[in-house]
Structure formats: structure tokens, C-alpha cells
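Inspection log for the structure reproduced underneath, given as C-alpha cells.
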Amino acid sequence: MSSLYHILKQQLVADLKILYPDVDASNVTLEQPKDASHGDFATNAAMVLTRLVGKPPRDVAADIKSKMEAWEQVESVDIAGPGFINLRIKPEAIYAQMHIIESDVVAFGSSKIGNGEKVMVEFCSANPTGPIHAGHMRGTIFGDVLSRILERTGYKVWREFLINDSGRQIRTLVNSVWLRYRELFGENVVIPDDAYPGDYVIEIAEKLKASDGDKWTKETDFEAVLLGLRAFCVDAMMGEIKKDLEGLKIAPFDEFYSEHKMQQTGLPEKIMGELREEGLVYDGTLPPPRGKIVDDYEPVELPLFKSSDFGDDSDRPVKNSRGDFTYFGADLAYHTDKLNRGFERLINVWGADHGGAVKRLTSALTAVTGNKKALEIKLMQMVRFVKDGKPVKMSKRAGNFVTLRQILDDVGPDAARFWFMNRKPETQFDFDLGKALEKNNENPVFYVQYAHTRMCSVFRQKEDMGLELDKDVDMSLLTHEKEQDLMKHLIMYPLHLEKAASAGEPHRLAAYAHDLAAGFHSWYDSVRFLDESDIKTTSARLQLVKTAREVLKDSLGLMGVSAPDKM
RNA sequence: GCGCCCAUAGCUCAGCUGGAUAGAGCACCUGCCUUCUAAGCAGGGGGUCGGGAGUUCGAGUCUUCCUGGGCGCGCCA
């Protein structure tokens, strides 16, 4: 806890506790005012507490002010407007922060709001029936960066990828591969409409031929083929998926969890039995589906989960009429197992096309935990892919979808990652494949990276000039407005990380990095850093450049974006 | 018909979980390179924050209704 923000926040909380012992001050914030003339920090404490304390805001502010004036880091305290308390920090306190940041930016940015809580982030979970396509990118990048931010803010993060390797899609995959495999041996096969059409299917077939020879051409029973080739096909697909994840610079998953294996252990049966004992699962008949006319509807008695008692609009079958678990049933078992594995908090990153399943699963989990909200689902709205202003339709069936690898080949991981995580998840947006191809500066990542290369370049130039800097740096020489602004922006880094973590919104980190780059670019153009005739000022400025570089590099690192020395 | 999400500059989007005078990029206009990378900087024009009502010291932000767009609505995955 070396950051000024953390220290001041702690002092504020402690003082409020003394002033108003019985009042809940959790809504009190310590922020950086937009307008610098309002001070370095501001708190809304007086206004938030006015009703709870039963005094006018400016009176509350006066109480708090008297406490704050005793803080050693504070130069002045002012009450403004409806009851804002504005703090001005002693310059020395800010200068001291620069050295702390530069010596260990990770420690500086870390916080304990996570309290060591075990949180599982499940994301990506692309079906192993084809390469990762562009539609998965948003959630995959989101989950990756969110995980990194949560780790930095004191959570114990577990990254999990659910391999959806049971169900009909796997039959289709195995069948598609098997047909292509037989085709390789000269058999005249007919590829049905529902088979996967991509070239990757042929590649797997070729691998199969290489490893097993003609063994599977003699087999006529598809069930036997499925049994024999399921693992081979899924493994081959997962190998490709893992390569894609690596290409996108996704931090390693802690576990790739196989749904098929889960089914085989009998875990879902066990969990359903327990739920049945608790009265949460019962046998019943559902009404016909609404909003759609179904010709072949017949009422059937199925095991149902009482999700309607927990906010869902209907009860949901956990098994289908063939006796297999439904997607919902398997998901329910899987998530119950997550809790049994000791995770206190579950975060799932899903695409908006799964939005309809959110309520039933969260409500089911609420039932299982006895009314604790353990599961949080982050929905990624759809990304519309456009080229030359026209939408590009993608379909796995037609085989014309844009793959993650294509985008990586075009723009590289840095641009792709920054582009996707720059935006908050609940808005849908257009990804222009034409612009992405151009690799121009419309992608803000170049702006941020360029700031970093400029910082590095200054030091290269300093070496070339043979400048010897002072060991004892006097930061008080940095009187320029841009320098003051930059320093104040740097000390707020931990606050922005905490907000990104607690809101579950990684894009805030991208915004912070962009602002930091802007502050630096602006400063860069207003003063010359390297001045042989004034080594003292040069030393102080380079100290600030070094500090800013540490923060910028660290924030880029958390986003999984590289910080190049040269561009 | 029902549920979830969205609507902010011409375009793409931020807006710090209710705070002080609503921001950035692109596009358009005007300036700044014989000194640290001009992939940059400084400035200008451009807004009824989709519309109405409400909540309170205070609303782009919360509630509600309306309009428009996206996603979904079997035992599929």
C-alpha cells in the first residue's frame, strides 16, 4: 500500500469512522476532479452522508475538513459548491510518489480489494467444431484482460475454458471428418448439408490417415466410429484453438474442462439427485413454446428445474426425452461443480446470442447456493463485421466466416486486442475489416504505443549525447503545467485499476492508457527534455519520463499489448 | 406477443458506477518539423445526450412510458 491514493482513502475512511461511527460510508469516493482548479483530489463524502448524519452538507464538510487539515500530505482543504471537499496535495508528497512508482510499478498499482477471493473466470469456451472465429474475439480478449486486472487487484483468479464436447455437434464433427477421411481413400462420398464444410475438416482427416492408416475405412457402424474418433477429433480441434489463443496472446488457461468427461463421471446424475431431494427438480410437463408455432409439439413429462421460483419465466428441462442431459442440465451440473470446487465467485463471459440463458442459469445457481449471488454473467454484445460500409455475413455452415487467425494475420494481436477491449461490452459495434487491414492510425493502439516509443527514444538520444544526469533529482523543478498534470495522472493509476476491476470493465484501462499517452504527447511537444545547459531540469524531466514509461508499459502489459521501443 | 441489451458531434465511440462548464478519434478548416520519431502537438466549427414524465440539493447516468435498432424465445447448442 504505497500509493498516495490508497493512503488518503484509508485516512478518509478512518476519520469518517471516528466522526460518525454508526454511519455506512461505503458510497464515499475519493476522486480526481475533472477541473484541476478544484484541487488534486475531491470527495463527495459530505453530500453522501448528509442525510445519514442529519446535517446540511456544508456542515458535514466542515467536520471532515477539520480532520483532513491534520493530514501530513495535504496542503489545503476547501469546501466548494454543494459540499465538495477539495484537497490540494503538498508537492513533495507527489514527487515522492514518482520514485515509488518507478521503483516498483506493480506493487504501486496492486490493491487488496479482491481480498484473496477465489474467482473463476470462464471465457472463450469456443466449440471444438471449427477454428475460433471472429465472433469469439471480443469475449476472449475481455475475459483475458479482466482476469489480469482482477489478479492485480487482489483476487485469486482461475481461468477456465469449457470444452463443449458432448452433444450433436460432436457427432457432426466426427461424421464430417470420417467422410473426408474415406474420401482420401478414393471412396465416392456424399457430403451432407449439415456437415462442416471448412478445409480444416480435411486437414484433420489427413492427420487421421497419417496416424491410423485405413483402419476406419472398414468400420461401418457410426457409433463405433464416434467412440473411436471423438477424442482424436476434439483433440485436433483443441490443438488449433490453443494455437489461436496463443497467437492472440491470451494468458494460459488453468483448465480446459471437458464436458464429456464430466458426463462420464456421473457427476450430473449425482447433482440432479441432490436437487431432486431439495425439491428443486421434479417431473412435469411444459406448455408449448411461445412466440413460435411448433408443428410437432407433444406434451412430454420431463425432469424440470424450478427456475420459475427464482426469476425465470418458466421451469426448464434438465434432460430431454431421450434421457440425455440438456444443455441447461449439463450447465447446471457444471456450475454447481464449480462451487463445489471452492470458487466463491463465478464470472462467465458469454456472447449476446446466449442472453436468453442468463436468467435461468443465474437463478438456478441462486437456488443451489441458497440465495447467494455466486454467478455473474458478462454479456458481450454482437460485433458486426463490415467491409466498405457493408455488413459481412458470416456463417460456419457456409464456411464463409472470418477466423481469428485471419484477423491476426492482417493486423496482429496488439491492434486486434486494443480495438476490441477499447469498447465497453454492452454496446454493439462495427469492426471494419477494411480499416483493420489498412493498419493505419485509426486504431488507437498506435497512438498509445507511439507514446512509449517516444519515451524510449528520449533515453536513446540521451545516451547518444553522452549526458550525465544528477543522482539526486529535484522534482520541484518540474513546474510546467503539463508536468504537473502528468504526475497527477500517474498517481491515479491504482484508482483506475480498482474501478476497472470492481465494475468488471477492462475498457477503462484502455481509456486510462490513452489519456496517459495524450498527456505525454502534449508535454513532449511543449518542452524539450534534453538540455545540456541545464542538467538539473533535464534529470528531473527524465525521471518523470521514466516514471510515465513504467506506468504506460504496465498498463499495456495488463492489456496484453506490447510496448515497443521503436516503431 | 414476451425477455435481455443499446440510443451522446456528420461517422466510430468515451463519459470514472448521481457531481462542478458533456469529451476523444476520424472527417472538415487554420497553424507547428535545420534540436529528443509529425504514427505527434496547438487551435476552430460541429450537441435539444432518441422523445415525454418522474425521483432530489444535482440526471447523459436512476425509475417509468413511448419511438427506433440488436440479440434471443423447444427437449437445439
Side-chain angles (χ1 to χ4, degrees), chain A residues 27 29 31-35 37-38 42 44 47-48 50-51 56-57 80-84 86 127 129 164 166-169 286 288-292 294 296-297 300 302 312-314 316-322 324-331 351-359 379 381-382 384 389 422-430 432 435 440-444 446-447 449-451 453-462 464-465 492 495-496 499-500 502-503 505 507-508 510-512 514-515 517-518 520-531 541-542 545 566-567:
Chain A
N27 285 329
T29 60
E31 298 186 337
Q32 185 175 35
K34 280 179 224 163
D35 185 341
S37 70
H38 291 134
N44 60 355
M47 291 173 292
V48 169
T50 180
R51 219 166 312 163
F84 288 103
N86 295 331
N127 283 346
T129 54
N164 221 308
S166 69
R168 200 152 68 189
Q169 57 192 343
L286 284 177
R290 281 160 294 185
K292 217 181 183 180
V294 180
D296 58 348
Y297 172 78
V300 183
L302 294 169
D312 201 355
D313 50 359
S314 161
R316 303 289 171 179
V318 296
K319 281 189 175 180
N320 64 24
S321 45
R322 287 214 319 265
D324 296 333
F325 280 97
T326 61
Y327 188 79
F328 168 69
D331 240 6
D353 51 342
H354 289 69
V358 169
K359 197 173 256 182
L379 272 195
Q381 289 303 316
M382 295 287 117
R384 203 168 61 127
N422 198 21
R423 289 154 160 82
K424 61 181 173 194
E426 62 268 32
T427 51
Q428 53 167 206
F429 71 95
D430 293 349
D432 192 311
K435 280 181 184 169
N440 63 11
N441 59 348
E442 282 202 39
N443 192 317
F446 297 115
Y447 181 85
Q449 288 181 319
Y450 183 50
T453 64
R454 274 181 151 181
M455 292 167 182
C456 294
S457 173
V458 169
F459 282 96
R460 276 196 298 273
Q461 186 70 21
K462 182 218 111 188
D464 290 351
M465 289 167 72
M492 300 309 282
L495 168 68
H496 287 92
K499 295 217 172 197
S502 59
E505 294 182 347
H507 74 275
R508 295 189 192 200
Y512 175 82
H514 191 274
D515 285 349
F520 177 77
H521 283 311
S522 179
W523 178 41
Y524 182 96
D525 276 87
S526 25
V527 302
R528 188 172 164 76
F529 300 150
L530 301 169
D531 182 355
R541 283 182 172 151
L542 289 200
V545 174
K566 284 182 186 172
M567 281 173 78

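So you know, we letter chains A, B, ... as the sequences are listed, proteins then strands, and number each from 1.
Of all non-hydrogen atoms in A:Asp525 and A:Arg454, the two that sit nearest each other are OD1-NH1, 3.6 Å.
Using a 4.0 Å heavy-atom distance criterion, A:Asn86 is classed as a base contact. Residue-level contact check: A:Pro82 touches the bases, meaning some heavy atom is under 4.0 Å from a base atom.
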Give me, pair by pair, the N or O atoms of the protein and of nucleotides 5-7 of chain B that are less than 3.5 Å apart, along with how far apart they are.
residue : atom : partner  : partner atom : Å
B:C5    : O2'  : A:Gln381 : NE2          : 3.4
B:C5    : O2'  : A:Glu426 : O            : 2.9

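Rounded to an integer number of Å, the gap from A:Arg316 CZ to B:C76 C1' is 13 Å. Atom NE2 of A:His514 and atom C1' of B:C16 are 16 Å apart (whole Å). A straight line from OH of A:Tyr447 to C1' of B:G25 spans 9 Å, rounded to a whole angstrom.
Residues passing the ring-ring contact (aromatic ring centres under 6.0 Å, His included) test with A:Tyr327: none are found, sequence neighbours excluded. Contacts of A:His514 classified as ring-ring contact (aromatic ring centres under 6.0 Å, His included), with partners at least two apart in sequence or in another chain: A:Tyr447. Under the side-chain contact (heavy atoms from CB on, under 4.5 Å) criterion, A:Ser321 pairs with A:Val300, A:Leu302, sequence neighbours left out. Residues passing the salt bridge (Lys or Arg N to Asp or Glu O under 4.0 Å) test with A:Lys424: none are found, sequence neighbours excluded.
Stacking is not found between A:His354 and the pyrimidine-like six-membered ring of the B:G72 base under the 5.5 Å centre-distance and 30° plane-angle cut-offs.
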- Note on the structure: With B for base contact, S for sugar-phosphate-only contact and - for none (protein heavy atoms under 4.0 Å), nucleotides 29-35 of chain B reads ------B
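Between B:C11 and B:A27, the two P atoms lie 16 Å apart (nearest whole Å).
Heavy-atom nearest nucleotides on RNA chain B were determined for A:Arg322 and for A:Val48, and the one closer to the 5' end corresponds to A:Val48.
Closest contact between the side chain of A:Val458 and the listed nucleotides B:A77, B:C71, B:C36 involves B:C36. Ranking B:C75, B:G3, B:C16 by closeness to the A:Arg508 side chain, first place goes to B:C16.
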